[in-house]
Amino acid sequence: ILYRPFSVWSIRLEYLGTMYSENSSLARDTVEVHSNLAFTRSFALELGFRMHPDNGYTETLASLKYYF
């Protein structure tokens, strides 16, 4: 899901689920939320959060983007 409340700001929600077989209890789920804020046409800041509910692993992401 991509939501863009303003032309310089966007929010993205992603879900990825993988199940290996019907009889297997092994599965992977990933939920991600990213927010992108553009300062100019060349610079943007992206903040994100990634969670793996199956093992409790979480990540916080930050990146400064330069477009040329």
Side-chain angles (χ1 to χ4, degrees):
I1 298 171
L2 178 64
Y3 177 62
R4 190 176 301 255
F6 304 103
S7 63
V8 296
W9 182 42
S10 65
I11 302 169
R12 186 177 77 231
L13 174 65
E14 296 181 22
Y15 170 77
L16 174 65
T18 305
M19 180 174 270
Y20 292 96
S21 71
E22 248 181 64
N23 300 327
S24 174
S25 63
L26 183 61
R28 288 189 185 166
D29 295 317
T30 304
V31 178
E32 296 185 31
V33 178
H34 295 271
S35 179
N36 191 37
L37 179 62
F39 298 114
T40 66
R41 291 179 57 91
S42 298
F43 285 102
L45 175 67
E46 183 171 0
L47 301 174
F49 180 76
R50 180 180 297 151
M51 181 176 68
H52 300 271
D54 52 333
N55 61 11
Y57 180 72
T58 61
E59 291 179 81
T60 304
L61 310 163
S63 61
L64 182 62
K65 297 180 176 185
Y66 175 70
Y67 302 97
F68 57 94

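The basis for the numbers below is simple: all heavy atoms, side chains too, and nothing from hydrogens, waters or symmetry mates.
Within the structure, ring-ring contact (aromatic ring centres under 6.0 Å, His included) pairs that include any residue of residues 45-67 comprise Phe43-Tyr66, His52-Tyr57 (at least two apart or interchain). Evaluation of the salt bridge (charged side-chain N to carboxylate O under 4.0 Å, His left out) test over residues 29-45, restricted to residues two or more places apart or in two chains, returns Glu32-Arg50.
Rounding to the nearest 0.5 Å gives a distance of 8.5 Å between CG of Leu47 and CG of Leu37. With rounding to the nearest 0.5 angstrom, the NZ atom of Lys65 is 12.0 Å from the CZ atom of Phe39.
Checked against side-chain contact (heavy atoms from CB on, under 4.5 Å), Leu2 has the following partners two or more places apart in sequence or in another chain: Arg4, Ser10, Arg12. Applying the side chain to side chain donor-acceptor pair (under 3.5 Å) test to Ser35 and every residue at least two apart in sequence or in another chain returns Trp9.
Only one option out of Leu13, Ile11, Leu61 pairs with His34 in a side-chain contact (heavy atoms from CB on, under 4.5 Å); it is Leu61.
More than 12 heavy atoms of other residues, nucleotides or ligands shown are found within 6.0 angstrom of OH on Tyr15.
Side-chain atoms of Thr40 come within 3.5 Å of backbone N or O of Ser42 as a donor-acceptor pair.
A heavy-atom distance below 4.5 Å is not found between the side chains of Glu14 and Leu16.
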